[in-house]
Amino acid sequence: MSVSLAGAATVWFDATARDLPWREPGTTPWGVLVSEIMLQQTPVSRVTPVWLAWLERWPTPSAMAHDPDQPAAAIRMWGRLGYPRRALRLHQCAVAAVERHDGEIPDDLDALLALPGVGSYTARAVAAFAFGQRHPVVDTNVRRFVARAVGGKAEAGPATTQRDLDAVEELLPTNPADAARASAAFMELGAVVCVARSPRCAACPVATTCAWRRAGSPPADVPGQRTQTYAGTDRQVRGLLMAVLRDAEGPVPPARLDVVWPDAVQRHRALASLLTDGLVVSDGNRYALPGTPSGTQ
DNA sequence: GAAACGTGGCA
DNA sequence: TTGCCAAGTTT
């Protein structure tokens, strides 16, 4: 039963998967890692152009680690992908690869988990997709797909727990390469067919065996928790401040930052958090991205 | 375990 | 127009 689920998903995947650049043969583990971190909470359509530019400029961890303009250049290349701490951590991954792994992205799950910004999902995704290892790869797509196809529920639970890993592990074929492909297939199904709103069950390769369909597609039993409004939050102010520094040639005086947000208290709080995160540096007078040439540290 | 952390597209 | 949603991680 479980083999047929993975089998059907894999057959469908082989026939209809999107041609994403990081799936091209010859993509390095570094390329896979970059894609996985960029894709955290971020749609494919916005990641693709940045991934291409990133890999062209920094084709290896060593190229990134030895670029003298870092990490300012990484933050600028990140552009408007959101959560710019990811750019910082990706640079830290490159440095760690050079310092601890001879310039290579490690293939060991624990070594991957030790990299900055790499958690349970990303570590297993890299181990599976870059190195062909057999690990359950559980992201929001997989949790939703398994919740429906196996659990018979409209939505997955709130968190990625050990139970999620165990449930997905049971679905994987024994052969490592097949298991990795099945994980990619589960993710792809969740991303393009078994989507959160208005799933396209008519196009689903497992619709006839789907537990949720067989149960009559019952609605979610618990109302989803409402999302936090973005407008007016510190996150928005941080984004506005970062946009100024990204677009600036070098260090800027405080006046350049003062204009982005009228509430001085909130603006200072946001700037302080950016300094704490290491996304901004200051000499006590002007502000800049970390490592900006001729900038302040 | 909850909250923080960006941004933009779409229904 | 507003709210939901997108390949999560960290504290």
Side-chain angles (χ1 to χ4, degrees), chain A residues 13 17-18 20-23 27 31-51 75 78-90 92-93 112-130 135-146 155-161 164-165 168 180 183-192 194-199 220 223-246 260 266 269-270 272-274 276-280:
Chain A
F13 179 77
R18 294 168 293 177
L20 304 177
W22 43 88
R23 288 178 177 163
T27 301
V32 173
L33 175 66
V34 172
S35 77
E36 294 300 342
I37 290 185
M38 287 184 174
L39 286 163
Q40 292 169 2
Q41 303 284 282
T42 309
V44 165
S45 60
R46 286 165 51 203
V47 165
T48 301
V50 181
W51 185 88
I75 295 170
W78 197 259
R80 306 185 66 80
L81 278 187
Y83 296 143
R85 287 186 294 193
R86 292 182 293 167
L88 217 49
R89 289 171 178 153
L90 207 36
Q92 292 165 355
C93 282
L112 286 165
L113 283 167
L115 296 174
V118 174
S120 174
Y121 161 76
T122 302
R124 288 175 174 79
V126 171
F129 302 146
H135 297 287
V137 181
V138 182
D139 72 336
T140 187
N141 290 311
V142 174
R143 289 196 302 113
R144 182 174 56 246
F145 172 71
V146 173
E155 295 178 358
T160 299
T161 65
D164 293 322
L165 291 174
V168 173
S183 289
F186 293 157
M187 291 178 61
E188 186 82 351
L189 271 173
V192 307
C194 197
V195 292
R197 288 180 295 188
S198 306
Q225 52 187 10
R226 58 188 178 281
T227 56
Q228 179 192 25
T229 56
Y230 176 66
T233 61
D234 286 7
R235 288 158 77 169
Q236 183 187 20
V237 181
R238 283 167 55 104
L240 293 169
L241 294 171
M242 288 301 294
V244 170
L245 296 176
R246 270 200 316 270
V260 305
Q266 186 176 23
R269 188 172 65 229
S273 73
L274 289 171
T276 297
D277 288 347
L279 284 166
V280 177

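Proteins come first, then strands; the chains are lettered A, B, ... in the order of their sequence lines, and each starts at number 1. Since this is a predicted model, take the numbers as computed values, not measurements.
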message: What's the gap between B:dA11 and C:dA7 when it is taken at their P atoms, as a whole Å value?
response: 16 Å
query: For C:dT10, does OP1 or OP2 lie under 4.0 Å from any side-chain N or O of A:Arg85?
result: no
- prompt: Quick one: is A:Thr122 getting a side-chain N or O under 4.0 Å of the C:dT9 phosphate, OP1 or OP2?
  reply: yes
- prompt: At under 4.0 Å between heavy atoms, what does A:Arg89 touch on the DNA or RNA strands: base, sugar-phosphate, or nothing?
  reply: sugar-phosphate
- prompt: Is the distance from OP1 or OP2 of B:dT7 to the nearest side-chain N or O of A:Tyr230 less than 4.0 Å?
  reply: yes
statement: With the side chain defined as heavy atoms from C-beta on, A:Arg197 is closest, among B:dG8, C:dA7, C:dG3, to C:dG3
query: Within less than 4.0 Å of OP1 or OP2 of C:dA7, is there a side-chain N or O belonging to A:Arg23?
result: no
- prompt: Between the side-chain atoms of A:Arg235 and the base atoms of B:dT7, is any donor-acceptor pair under 3.5 Å?
  reply: no
- prompt: Reckon A:Arg269 touches a base, only the sugar-phosphate, or nothing at all at heavy-atom distances under 4.0 Å?
  reply: nothing
message: Taking any heavy-atom pair under 4.0 Å as a contact, classify A:Trp22: base, sugar-phosphate, or nothing.
response: base
- prompt: Under 4.0 angstrom, heavy atoms only, what part of the nucleic acid is A:Thr140 near: base, sugar-phosphate, or nothing?
  reply: sugar-phosphate
query: Any side-chain donor paired with an acceptor under 3.5 Å for A:Arg124 and A:Ser120?
result: yes
field: Nearest-neighbour nucleotide for the A:Asn141 side chain, C:dA7, B:dT7, C:dA6 considered
entry: C:dA7
- request: Would you mind telling me which of A:Ile37, A:Leu33, A:Val137 makes a side chain to side chain contact (heavy atoms under 4.5 Å, CB included) with A:Val126?
  value: A:Leu33
task: Just call it for A:Arg238: base, sugar-phosphate, or nothing, with non-hydrogen atoms closer than 4.0 Å on any strand.
output: sugar-phosphate
- prompt: Any donor-acceptor pair under 3.5 Å joining the side chain of A:Thr42 to the base of B:dG6?
  reply: yes
task: Identify whether any heavy atom of A:Ala196 sits under 4.0 Å from a base atom; if not, whether one sits that close to sugar-phosphate; answer base, sugar-phosphate or nothing.
output: sugar-phosphate
field: Side chain to side chain, A:Pro116 and A:Cys93, heavy atoms closer than 4.5 Å
entry: yes
C:dA6 phosphate, OP1 or OP2, under 4.0 Å from A:Gln41 side-chain N/O: no
task: Ignoring the backbone of A:Glu36, work out which of C:dG8, B:dC5, C:dA7 is nearest its side chain.
output: C:dA7
task: Provide the distance between the two P atoms, one in B:dG8 and one in C:dT9, to the nearest whole Å.
output: 23 Å
